[in-house]
Amino acid sequence: MYNIALIKGDGIGPEISESAIKILETINDKLDLKFSIKPLDAGDSAFEKTGKTLPDETFETIKKSDACLKAPVGESAADVIVFLRRALDLFANIRPAKSYPNTKALRDDIDLVIVRENTEDLYVGKEFEINNSAIAIRIISEKASKRIAKYACQIAIQRGVQKKVTCVHKSNVMRKTDGLFSRACAEVAKDYADITFDQMYVDACAMNLIRQPESFDVIVTTNLFGDILSDEAAQVIGGLGMAPSANIGDNFALFEPVHGAAFDIAGKQIANPTSFILSIKMMLEWLGAKHDDKKCFEIANKIENTVYDVITKGIKTKDIGGEKTTSEFTNEIIQRLI
Ligand code: ATP
């Protein structure tokens, strides 16, 4: 039995959370992998109810769980997710971008993953004002850079696709911070003889993600660049509705869609829950590896194959050219899972 903390979030969060809960309940009831799901409040809606964006009870329940699923939160995202990533030392943000047939992907052979350092960079929130100027501190440490580089190399080997790691930075301008990041990654890559290691400036990477997205395998980069490039990569494979992610630490992990709360489409039942459904798949793979549980891997595969089948058949939500509502699409997945 796995205890799963589930943050319902804001905007489209509650709608896609309902899909996630239905899918976990189906797995629990029909596929013989047991979950206890604890729905939790965090974000703008929690602030309205309790005066806190991350209520103590939510944080305590997350810490006691086996893994956390998090739907997007609204304006208070930094108080929730940036806090959780740092407080739980979830140092690796893994953001795969894979094209599925019959979507708005630029090509059908894109299969890359962005490995974003999750605890440093401008996201440490050290900003201040002096004499009508605003200053932000960017922290890049050798320890965190080597840790994320190692993780990226391990993922490249595990995936076995191109066994290539591209280190993305802007060391020609940010010579100290990105200079360190680039050197640290290159040094770590030397320990992985099977890996092709290359480096690219972030502007060139942004262009190449559109010009030749199929050429990328694993991209390792700093926090802010990773955030921006992964939204771009999501669009390249058909939109944010298709993009899951994982925040991974040594002992705990949190899984969430790449996208935000998308208030423009909230409450309309048109949100694509695939981003959250594929986040469940990533969670099962992580639980499977941590607990040496083959059943988790089996069901993770089943989820991915089902999403692939359903979308290939043209059963899709509006964002990727279909007509299904959030719950209709979820039901199509559920019917084929059992
Ligand atoms: P943030 O700044 O928190 O990343 P944002 O409002 O800038 O959030 P998102 O909420 O990430 O941006 O989404 C951008 C747009 O992409 C939304 O306005 C919405 O139209 C579309 N979108 C995002 N997620 C989904 C989804 N799951 N299904 C359908 N469309 C989506």
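In each ligand, atom 1 is the first atom listed, and ligand 1 is the first ligand listed.
- Ligand 1 has no nitrogen or oxygen under 3.5 angstrom from a nitrogen or oxygen of D231.
- Distances shorter than 4.0 angstrom occur between a heavy atom of A261 and an atom of ligand 1.
- At least one N or O atom of A262, backbone or side chain, sits closer than 3.5 Å to an N or O atom of ligand 1.
- A pairwise comparison of heavy atoms in A67 and L287 identifies CB-CD2, 4.3 Å as the closest pair.
- For atom 31 (C) of ligand 1, the nearest protein heavy atom (residue, atom name, distance) is I265 CD1, 3.8 Å.
- The cationic group of R107 does not satisfy the cation-pi geometry with F216, failing either the under 6.0 Å distance to the six-membered ring centre or the 45° limit from the ring axis.
- Within ligand 1, counting atoms from 1 as listed, the ones closer than 4.0 Å to a heavy atom of A271 are 28 (N).
- The residue I16 has no part lying near ligand 1, judged by heavy-atom distances below 4.0 Å.
- In the displayed structure, Q154 atom CD is contacted under 6.0 Å by more than 12 heavy atoms of other residues, nucleotides or ligands.
- In this structure, atom 14 (C) of ligand 1 has a protein heavy-atom contact shorter than 4.0 Å.
- Of the protein's non-hydrogen atoms, the one nearest atom 28 (N) of ligand 1 is N272 N, 2.9 Å.
- With atom 23 (C) of ligand 1 as the reference point, the heavy atom nearest to it among H259, K268, K318 is part of H259.
- Figure legend: cation-pi geometry between K63 and F59, with NZ or CZ positioned under 6.0 Å from the six-membered ring centre and within 45° of its axis.
- In this structure, atom 7 (O) of ligand 1 has its sub-4.0 angstrom surroundings free of protein heavy atoms.
- Between G260 and ligand 1, at least one pair of N/O atoms sits closer than 3.5 Å.
- Evaluated by nearest non-hydrogen atom to atom 25 (C) of ligand 1, the leading choice among T274, I270, T326, I12 is I12.
- In this structure, R95 pairs ionically with D227, as a charged nitrogen and a carboxylate oxygen lie closer than 4.0 Å.
- Within the 4.0 Å heavy-atom criterion, the part of D264 lying near ligand 1 is the side chain and not the backbone.
- Between K98 and E304 there is a salt bridge, with a side-chain nitrogen of the basic residue lying less than 4.0 Å from a carboxylate oxygen of the acidic one.
- By the 6.0 Å and 45° rule, R138 does not stack over the aromatic ring of F181.
- Counting non-hydrogen atoms of neighbouring residues, nucleotides and ligands closer than 6.0 angstrom, the NZ atom of K22 exceeds 12 such neighbours.
- Comment: R336 engages E332 in a salt bridge, judged by a side-chain N to carboxylate O separation of less than 4.0 angstrom.
- Taking atom 16 (O) of ligand 1 as the reference point, the nearest protein heavy-atom neighbour is L240 CD1, 3.8 Å.
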